[in-house]
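Note that the structure is predicted; figures quoted are calculated from it, not measured. Residue numbers start from 1 in every chain, and the chains themselves are labelled A, B, ... in the order their sequence lines are given, proteins ahead of strands.
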Amino acid sequence: MPELPEAEAARARLESGALHRTIAGFALGEVTHMDLPDEASRERLMGTQFTRTRRHGKYIFIGSVDGPWLHIHLGMSGSLRVMDAGDELPDYIRLTVEFEGDRRLHFRDPRKFGRIEVIDDVDDFIAAKGLGPDALEIGDNAFADAIGRTRGAVKSALLSQKKLAGIGNLWSDEALYRTGIDPDARGSDLTQERIGTLHRATREILQSVVDTGATYSKLPDDWLIHRRDDGAACTRCDGTITKKKVGGRTSYHCPDHQTGT
DNA sequence: TTTACTGTTAGGAC
DNA sequence: TGTCCTAACAGTAA
């Protein structure tokens with residue numbers, strides 16, 4: 001379920017379980033239609049150790065000061081598992097990094113929308129992708145520009161990784177729900193005050209989810225995440241949660257307290 | 001059996 | 001030129 005908080009949880013898992021161990025091999029699962037490192041890329045990593053991790057938006061990186069990096073994107077259904085040899089393997093493991101000793105790093109991805117590749121420089125990669133600032137780091141002015149200068153739907157702007165990186169369908173809905181903004185509202189129609197409120201809500205929501213390790217059941221009961229159902233009761237007014245498409249994405253909102261301007 | 005889905009991106013419309 | 005929108009990707013689950 002990967003947006004920024006899930007990527008951050010995965011990064012933390014790498015940080016605690018996959019550093020300072022010599023890479024001894026790789027095992028490939030069923031890999032048709034997937035972007036995974038080819039033989040030559042895997043060969044570059046053999047015998048090296050990862051010593052640090054990074055994350056930018058939904059993009060995860062693990063590498064070292066001067067060596068190549070592994071870039072991991074979880075796609076729609078990817079996850080990382082740090083396990084030991086002999087542990088019972090879940091289904092849909094697409095790539096395993098085998099460290100000396102028993103430690104194993106597994107990339108699981110049923111739907112195969114994720115990707116892993118070997119890259120030389122993280123900052124170059126981020127620039128080449130055209131990613132905006134990380135959603136937890138972006139400053140007030142940059143956020144106001146990213147949202148307030150778009151003619152399209154505010155939700156689409158939140159979702160644009162080029163404007164700011166890390167927000168996906170679930171947490172964009174959550175932030176708009178909390179701030180009472182209709183996902184279809186034009187970004188350029190919002191007052192500066194509302195955009196400021198949206199920025200704070202976005203940051204607080206993402207940070208809260210990060211703090212739970214992206215465990216949804218630990219999030220407060222009144223969050224939209226627990227009632228993404230057409231017809232559910234709104235927790236902020238007497239309204240009813242309603243489903244609609246915004247920018248091609250399924251969106252849940254309360255038409256009573258979420259307004260256009 | 002049909003429909004929808006938490007992300008990205010190419011291609012086309014405006 | 002830029003911005004925005006849609007469809008497609010693959011597999012599973014409801």
Side-chain angles (χ1 to χ4, degrees), chain A residues 1-11 29-36 55-60 71-80 90-95 107-117 119 125-132 134-135 145-177 183-189 202 205-206 208-210 212-219 223-232 241-253:
Chain A
M1 307 133 204
E3 300 182 33
L4 183 154
E6 293 80 2
E8 176 59 23
R11 186 205 61 75
E30 199 276 293
V31 293
T32 51
H33 302 111
M34 276 214 79
D35 291 310
L36 295 173
R55 180 194 57 74
H56 188 94
K58 305 171 190 174
Y59 294 75
I60 303 162
H71 147 59
I72 300 167
H73 195 291
L74 300 175
M76 289 279 265
S77 61
S79 61
L80 296 174
D91 292 337
Y92 310 115
I93 300 299
R94 306 304 183 187
L95 180 72
F107 175 59
R108 176 176 191 270
D109 189 9
R111 287 175 69 184
K112 301 184 184 175
F113 283 176
R115 88 168 25 202
I116 297 185
E117 61 190 315
I119 62 171
F125 175 89
I126 291 168
K129 283 276 179 201
L131 296 178
D134 184 83
D145 277 355
I147 302 303
R149 301 179 68 186
T150 182
R151 302 192 303 273
V154 59
K155 169 160 175 170
S156 299
L158 286 172
L159 252 27
S160 167
Q161 305 301 300
K162 288 181 163 48
K163 294 182 188 300
L164 69 171
I167 302 175
N169 200 31
L170 298 184
W171 305 127
S172 62
D173 275 2
E174 193 75 49
L176 294 165
Y177 178 74
D184 261 329
R186 310 261 134 203
S188 52
D189 285 346
T202 300
I205 287 165
L206 292 174
S208 295
V209 184
V210 167
T212 68
T215 304
Y216 296 176
S217 59
K218 293 183 182 171
L219 295 169
W223 282 32
L224 178 64
I225 188 71
H226 300 304
R227 49 208 84 231
R228 293 177 69 80
D229 287 306
D230 209 21
I241 304 300
T242 304
K243 176 170 145 175
K244 67 175 173 179
K245 290 269 187 197
V246 178
R249 308 301 303 280
T250 298
S251 307
Y252 292 91
H253 79 299

Nearest-Å distance for atom pair [atom1]/[atom2], residues [X] and [N]:
X	N	atom1	atom2	answer
A:M34	B:dT8	CE	P	14 Å
A:I126	B:dT8	CD1	P	14 Å
A:L159	B:dT8	CG	P	9 Å
A:L131	B:dG7	CG	P	14 Å
A:R249	B:dC5	CZ	P	9 Å
A:L170	B:dG7	CG	C1'	11 Å
A:R228	C:dA14	CZ	C1'	16 Å
A:E6	B:dT8	CD	P	12 Å

- Mind checking whether A:W171 and A:Y216 have ring centres under 6.0 Å apart? yes

- Given Watson-Crick and G-U pairs under 3.5 Å, DNA chain B in dot-bracket ([ ] crossing, | other strand) is .||||.||||||||

- For A:L176 and A:L158, run side-chain contact (heavy atoms from CB on, under 4.5 Å): C-alpha distance rounded to whole Å, both residues' side-chain angles, the deciding distance at 0.1 Å, then the answer. CA-CA 10 Å; A:L176 294 165; A:L158 286 172; 4.0 Å; yes

- Note on the structure: Letter by letter from the 5' end, nucleotides 3-12 of chain C scores (B base, S sugar-phosphate only, - none; protein heavy atoms under 4.0 Å) SS-S--BBBS

- Reading nucleotides 9-14 of chain B 5' to 3', which nucleotides get B (base under 4.0 Å from a protein heavy atom), which S (sugar-phosphate only), which -? S-----

- Note on the structure: So the salt bridge (Lys or Arg N to Asp or Glu O under 4.0 Å) pairs with at least one residue in residues 241-253 of chain A (sequence neighbours excluded) are A:D182-A:K244, A:D184-A:K244

- Item | Intermediate values then yes/no, side-chain contact (heavy atoms from CB on, under 4.5 Å), A:M34 and A:D109 | CA-CA 10 Å; A:M34 276 214 79; A:D109 189 9; 3.7 Å; yes

- Item | Candidates A:L131, A:I147, A:T150 - the one meeting side chain to side chain contact (heavy atoms under 4.5 Å, CB included) with A:K163 | A:T150

Do any side-chain nitrogens or oxygens of [X] fall under 4.0 Å of OP1 or OP2 in [N]?
X	N	value
A:H73	B:dT8	yes
A:Q161	B:dT8	yes
A:T250	B:dA4	no

- Query: Out of curiosity, A:R94 CZ to A:R108 CZ, how far, rounded to the nearest 0.5 Å?
  - Reply: 8.5 Å

- Task: Could you tell me the separation between the CD1 atom of A:I205 and the CG atom of A:L170, rounded to the nearest 0.5 Å?
- Result: 11.5 Å

- side-chain contact (heavy atoms from CB on, under 4.5 Å) between A:D173 and A:K155, intermediate numbers included: CA-CA 8 Å; A:D173 275 2; A:K155 169 160 175 170; 2.7 Å; yes

- Show your reasoning for whether side-chain contact (heavy atoms from CB on, under 4.5 Å) applies to A:R115 and A:H71. CA-CA 8 Å; A:R115 88 168 25 202; A:H71 147 59; 3.9 Å; yes

- Message: Run the ring pair (Phe, Tyr, Trp, His ring centres under 6.0 Å) test against A:F107 and tell me which residues pass, sequence neighbours left out.
- Response: none

- Task: Return the set of residues passing side-chain contact (heavy atoms from CB on, under 4.5 Å) with A:R186 (not counting sequence neighbours), or none when no residue passes.
- Result: A:S188, A:D189

